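Each remark here refers to the structure printed beneath this line.
The shown structure was predicted, so the numbers you read here are calculated from the model rather than taken from an experiment. So that the names make sense, note that chain A is the first sequence line, chain B the second, and so on, each numbered from 1.
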Number of protein chains: 2
Amino acid sequence: MSTRAKIVSRTRPRRGTASAAETGAAAVQSGGNLFDPVEREPAYMRVSAAIEGKILSRVLKDGDLLPAELDLAQQFRVHRSTVREALRQLENSGLVMRPPGAKRMVVSRPHANKIASGMRQALVLHEVSFVDVWEAMMVIEPEVAALAATRRTQADIEALLRVHQAFVAESQSAAAVTLVVEFFELLGACARNKVLVLAKHSLAQVLAPSLGLMIDRVAQARSRIMVAQQKIITALQGKDAEDARKWMAKHVRDFKRGYEVAGIPPDAVVSV
Amino acid sequence: MSTRAKIVSRTRPRRGTASAAETGAAAVQSGGNLFDPVEREPAYMRVSAAIEGKILSRVLKDGDLLPAELDLAQQFRVHRSTVREALRQLENSGLVMRPPGAKRMVVSRPHANKIASGMRQALVLHEVSFVDVWEAMMVIEPEVAALAATRRTQADIEALLRVHQAFVAESQSAAAVTLVVEFFELLGACARNKVLVLAKHSLAQVLAPSLGLMIDRVAQARSRIMVAQQKIITALQGKDAEDARKWMAKHVRDFKRGYEVAGIPPDAVVSV
DNA sequence: AGATGTCCCATTGTCGGACAATCCGGCACC
DNA sequence: GGTGCCGGATTGTCCGACAATGGGACATCT
């Protein structure tokens, strides 16, 4: 035994590291390796996985509030610090959150924003270029517009009109970009498809900063955006999917032209 | 002062709670509220934000290894537990990871898998239905196929052929689903667009489980998949974007038919 | 009654310190 | 060259402590 074992030699059970070799069957199949790598998973992982499991299987529902840290620590037979590390993971992935100015944490469904910011991080770090994002928009947005045309309600139209008019009014201010993005978001909502909304949302997030730059530099950008929005709304109003698709495609294509005119190289990577 | 202040009244600076009221300007604009909510952000948040910043701004590059926990603790003037909580956040978001069997953590770009699993969680918790996912595939996959047709290399074709043949050979086994998914992934790679690959990847992940179910239940599913893959490969080989798009659309449409035949209700929500 | 102050407790955020397990590099030994 | 042992570095986990805050319950003031 090491000489470093000072005074006390507390035989602590080392809870996190023992139980290996669980998948006894099918050992001699994976590429000739007789043994699988022994699995050593830290306790904080297991704790967070356990809680995550309860959430995903809806034993813990949206809005429920989690037991206190000490409570959890006792249930898992683990120290509070360990529980806290697990909680930080869950908090980060958006599965639990703390309403501002509250102590206990509550279970929550990750909001689109959470996913989008993760996506943005990934894209930034993978040095994705502007054309990549644009291409994705070119694929998704027109189809979303077409879907929106068939599913929009009257309330949708009115909301879109409000945002459009706000853009017309404030097209010179710095809020213009926000309004353009909001128009896209709203249009996504009309399509009534959560998956596409999520994807769109991320794209918009990533694009927004450079979009602002472009709008500032290109004189006719604002008027072209106005026209496109107008045409799209009209198409939605007439439930004309084909027109909606067409105008949205034109709208998105304009972005690229705008970037060219603004002198932003198309392979510029998106950044924070 | 509370009677609970035992013996020692360590005047600890309470690092996390002080510096409020930083945005002095523009106080009287947000809906008539004179004051912004005072910002109390826990120290572990600040630490993780600080490290995240260094990563996103590439001061810490992919592959660099992070300073030791104690080191960080000293730099941030904070306890090691606090640093560890911050690290758990970064680890969870995929910005740092630990190569199996190493001590120090290394900076890493979040892999597509990481994002996809976050996306999957979100979709599950938002009770997204199968049609939603399918609709998204209907939008994305054909366009990706078209892009792939114009950009594929000879190596791509060969890789696709290998997977296709593996599917033909093993189409009866349980590995069949994996191979179908892999075909999609590979096709995405041909399109040379990271954004679309990311989106596709998530969709495939979400769809895979129920897809397995469907293939097992529907007799002619396998042969239809074979034909579609064959046609798609041929289209890619001839760089025929239009054909690629058309066959992929057919391929994806088949999935829905398969679900109908298999008796899986189209509005069944995806699950873990 | 309603507003306000007081006291206590539960819970979180943070800290200091401790130890075992493990990885890694070096060094003697065969 | 391979092998085994040693010590430093670092992580995983624990223990225990305390301040700050939120939330009640309750008394008090008007």
Side-chain angles (χ1 to χ4, degrees), chain A residues 1-20 37-48 65-91 96-106, chain B residues 1-20 37-48 65-91 96-106:
Chain A
M1 183 172 279
S2 143
T3 67
R4 273 187 80 257
K6 291 283 168 52
I7 305 103
V8 200
S9 177
R10 260 183 303 181
T11 29
R12 213 181 310 149
R14 298 313 274 126
R15 258 170 294 271
T17 58
S19 73
V38 50
E39 40 179 290
R40 259 169 319 143
E41 199 187 14
Y44 61 81
M45 286 286 197
R46 301 195 183 202
V47 171
S48 83
L65 74 169
L66 235 49
E69 294 174 356
L70 253 180
D71 211 340
L72 289 171
Q74 282 161 359
Q75 293 188 37
F76 284 113
R77 300 293 235 311
V78 110
H79 194 261
R80 189 161 78 97
S81 308
T82 306
V83 169
R84 282 178 66 83
E85 293 189 36
L87 287 183
R88 291 298 85 79
Q89 304 207 160
L90 298 176
E91 185 179 27
V96 307
M97 60 163 301
R98 182 189 326 284
K103 311 226 81 158
R104 307 271 287 275
M105 307 248 269
V106 307
Chain B
M1 180 177 284
S2 144
T3 67
R4 272 185 81 258
K6 289 284 165 54
I7 305 101
V8 199
S9 178
R10 260 183 303 180
T11 28
R12 215 182 306 150
R14 299 311 277 130
R15 255 170 296 271
T17 60
S19 73
V38 51
E39 40 178 292
R40 261 170 318 147
E41 198 186 15
Y44 61 82
M45 286 287 199
R46 301 194 181 202
V47 171
S48 85
L65 73 170
L66 235 49
E69 294 174 355
L70 251 181
D71 210 341
L72 289 171
Q74 282 161 0
Q75 293 189 38
F76 285 112
R77 299 293 229 319
V78 111
H79 194 260
R80 189 160 77 96
S81 306
T82 306
V83 169
R84 283 179 65 82
E85 292 187 37
L87 288 183
R88 291 297 84 79
Q89 302 205 158
L90 297 176
E91 185 179 26
V96 307
M97 59 163 301
R98 183 189 326 284
K103 311 228 82 160
R104 307 272 286 274
M105 306 249 267
V106 308

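For the pair A:R104 CZ and D:dA20 P, the interatomic distance rounds to 23 Å; values are reported in whole Å. The CE-P distance, from A:M105 to D:dT21, rounds to 19 Å in whole Å. Atom CG in A:L87 sits about 8 Å away from atom P in C:dT12, given to the nearest Å. Rounded to a whole Å, the CE atom of B:M97 is 16 Å from the C1' atom of D:dT11. One atom, CZ of A:F76, and another, C1' of D:dG12, lie 17 Å apart when rounded to the nearest Å. Whole-Å rounding puts the A:L70 CG to D:dC14 C1' distance at 13 Å. If you take CG of A:L72 and P of D:dC14, they are 14 Å apart, rounded to a whole angstrom. One atom, CD of A:Q74, and another, C1' of D:dC15, lie 14 Å apart when rounded to the nearest Å.
Each of B:P67 and B:S81 was assigned the nucleotide of DNA chain D with the nearest heavy atom; the assignment lying further toward the 5' end belongs to B:P67.
Distance check, rounded to the nearest 0.5 Å: CZ of A:R88 to CG of B:L87 gives 13.0 Å. Put simply, CE on B:M105 and CG on B:L72 are 9.5 Å apart, with the number rounded to the nearest 0.5 Å. From A:E69, atom CD reaches atom CG of A:D71 across 11.0 Å, with rounding to the nearest 0.5 Å.
At the phosphate of C:dG16, neither OP1 nor OP2 sits under 4.0 Å from any side-chain N or O atom of B:R77. Side-chain N/O atoms of A:T82 include one lying less than 4.0 angstrom from OP1 or OP2 on D:dC14. Between B:Y44 and the phosphate of C:dG13, there is a side-chain N or O to OP1/OP2 separation shorter than 4.0 Å.
Evaluation of the side chain to side chain contact (heavy atoms under 4.5 Å, CB included) rule for A:M45 yields A:E41, A:P42, A:Q89, B:E91 as partners, not counting sequence neighbours. Under the side-chain hydrogen bond (donor to acceptor under 3.5 Å, both in side chains) criterion, B:R98 pairs with no residue, sequence neighbours left out.
When all heavy atoms of B:S48 and B:L90 are compared, the pair lying nearest together is O-CD2, 3.8 Å. Considering every non-hydrogen atom in both A:R104 and A:P99, the closest pair reads O-CD, 4.2 Å.
The side chain of A:E85 lies closest to D:dT13 when the candidates are D:dG12, D:dT13, C:dG17. For A:R80, counting side-chain heavy atoms from C-beta on, the closest listed nucleotide (C:dG16, D:dT13, C:dG13) is C:dG13. The side chain of B:R98 sits closest to D:dT11 out of C:dT12, D:dT11, C:dG17. The A:A68 side chain lies nearest to C:dT11 when the options are D:dT13, D:dT11, C:dT11.
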Close N/O contacts between protein and nucleotides 23-25 of chain C (under 3.5 Å):
| from | atom 1 | to | atom 2 | distance (Å) |
| --- | --- | --- | --- | --- |
| C:dC23 | OP1 | A:R40 | NH1 | 3.4 |

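Among the atoms of the strands shown, base atoms are found under 4.0 Å from some heavy atom of B:R84.
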